[in-house]
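Beneath this line is the structure, given in structure tokens, with notes to follow.
Chain letters run A, B, ... following the sequence lines, proteins first and then strands; every chain starts at 1. The model shown is predicted, which means the values in this text are computed figures rather than measured ones.
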Amino acid sequence: MTDCYKILVVDDEPDLEPLVLQRMRRHIRANEYEFVFASDGVEALEKLNADPTIDMVLSDINMPKMDGLTLLQQLPGVDPNLRAVIVSAYGDMDNIRTAMNRGAFDFVTKPIDFDDLKITIARTLEHLAEWREALSSRDQLVALQNELSIASQLQQSILPDIPPVTHGCEVSANMEPARNVGGDFYDYLHMDGYVGLVVADVSDKGIPASMFMMSSRTALKGAAIGLREPEMVLAEVNNQLQQDNPTFMFVTLVYALFNPDSGLLTYSSAGHDPPLLIKSDGAVTELPHTKGVALGIASDVEYTQESVTLAPGDTVVLFTDGVTEAMNADNQQFGLDRLIELFKNQPPESAAAANAAVFECVRAFAGDAPQSDDITCLALRRR
Amino acid sequence: MRFNHERSGDTLVVSASGRVDGSNASDFLDSLQGLFDPGDQRIILDLGGLEYISSAGLRVLLMAAQNLDKQQKSFSICSLTEAVGDVFRISGFDQIINVFPSVEDAKQG
């Protein structure tokens, strides 16, 4: 990023301005970010109208004169390409739901964790850059290939760069895109001492699928901040996505919530393979299936969840069907059994090692056969 | 991907075989819907010969099912192989599309 991005921070709390300037001073000095401030929605709109170079908005919800949710509603009228990140209280589902409906791109929770905020800002701006590039090349699209390359950039832009750093666990993830098909993503969420993990697969490819991926990711993060239980999170995301989905796109995913203190992992799957559990003694099992339909296509469907307690040294692996359905030159599928066999009596020494082993093994199996689907794998190991 | 079809009264049975993935999903939908007659009230898709279906394939099946549902026609699939059955079960599609063990069961259903 060579351009300096301008970020409007909207909050009625006067202490926030010096805090942001202090905590973001390196980015400001390096000319990466410039911050402007407003104390309510009305002042924010005035600043946005006066300064078309503002790229993103970071807004609190409760403010005098005009609150953050009303401001969100006004943003597309000012500039449809602005991206907004909402600061919300943990568990404030009503406001989060409204913010999602009004097009918030992402969420951070109060009290603001500046490491998390830095990651969120970087990701929002990275997405914005890809989005602008997509818009500028949209008119020049002559071949599907172009569209797919833009879609793949958008897909890359929503993947988190840095895994969560927590005392009780380590996480490692990777997504290897197929040439022509793009629909996988993963995400890490930091919430109130918990670590949320997502591995997902969107049904289609191209720019519409990237947009759907974006909505899925935002809806999931919002729901995860607002609701604790994974099964409730998935039901909420499903309701969000299926409200306006005329093309029947859908996403299958596993969402897992890990408590680093107790080792308890609770997960729920929406039409996705359940995670694999590798015990520290080398026993490998597929965790129980939970009940749930792929997200976005059916109203009022039920999701269930399961829990497992990880002992130190235990690893869980979340993956997409790009792993199990990888084909070799003889048209054989990699399959779940090979994945189980890979770790049987050979527990990984770290999350990164587990992840690397999966990709190496799939690559060795597939040989020269073309990769027909995205391959995504995420490993969490309890320390 | 190949299709055969057989019509008796207002019931159309379509047998599909081969693979449905992102590369041919929209052709699959067009070919399938091209077989429908306005008089068909019940469409049964026999997937006994289907080796593989990807999520893009599931999506076009859902589109076909919803189109027929809008016209108040019945749509069901049957005779899934183990591998294809797993895809329907894991994705939860067996909860939103009628699945039967055989063509006969689908006709009864």
Mark yes when over 12 heavy atoms from residues, nucleotides or ligands other than Gln41(B) sit less than 6.0 Å from its CD; otherwise mark no. yes

Considering only heavy atoms and a distance below 4.5 Å, find which of Ser91(B), Gly57(B), Ala83(B) pairs most often with chain A. Ser91(B)

Worked check of side chain to side chain contact (heavy atoms under 4.5 Å, CB included) between Arg59(B) and Ile297(A): CA-CA 9 Å; Arg59(B) 182 170 155 243; Ile297(A) 45 175; over 6 Å; no

Heavy-atom distance under 4.5 Å between the side chains of Phe250(A) and Leu58(B), does that happen here? yes

A quick test of your reading: do over 12 heavy atoms of other residues, nucleotides or ligands sit less than 6.0 Å from CE of Met232(A)? no

Within a radius of less than 6.0 Å around CE of Met1(B), do more than 12 heavy atoms belonging to other residues, nucleotides or ligands occur? yes

Per-residue contact mode, Thr247(A) against chain B (heavy atom under 4.5 angstrom): both

Hey, which of Asp321(A), Val293(A), Thr252(A), Val301(A) has the most heavy atom pairs under 4.5 Å with chain B? Val293(A)

Rounded distance [0.5 Å steps], CE in Met249(A) versus CG in Leu62(B): 12.5 Å

Step by step, would you call His289(A) with Ile90(B) a side chain to side chain contact (heavy atoms under 4.5 Å, CB included)? CA-CA 8 Å; His289(A) 285 255; Ile90(B) 292 169; 3.9 Å; yes

Side chain to side chain donor-acceptor pair (under 3.5 Å) between Tyr52(B) and Gln333(A): does it pass, once the steps are laid out? CA-CA 11 Å; Tyr52(B) 173 78; Gln333(A) 280 193 358; 5.5 Å; no

To the nearest 0.5 Å, atom CG of Asp373(A) lies from atom OG of Ser54(B) at 7.5 Å

Counting only heavy atoms not in Gln72(B), do more than 12 fall under 6.0 Å of its CD? no

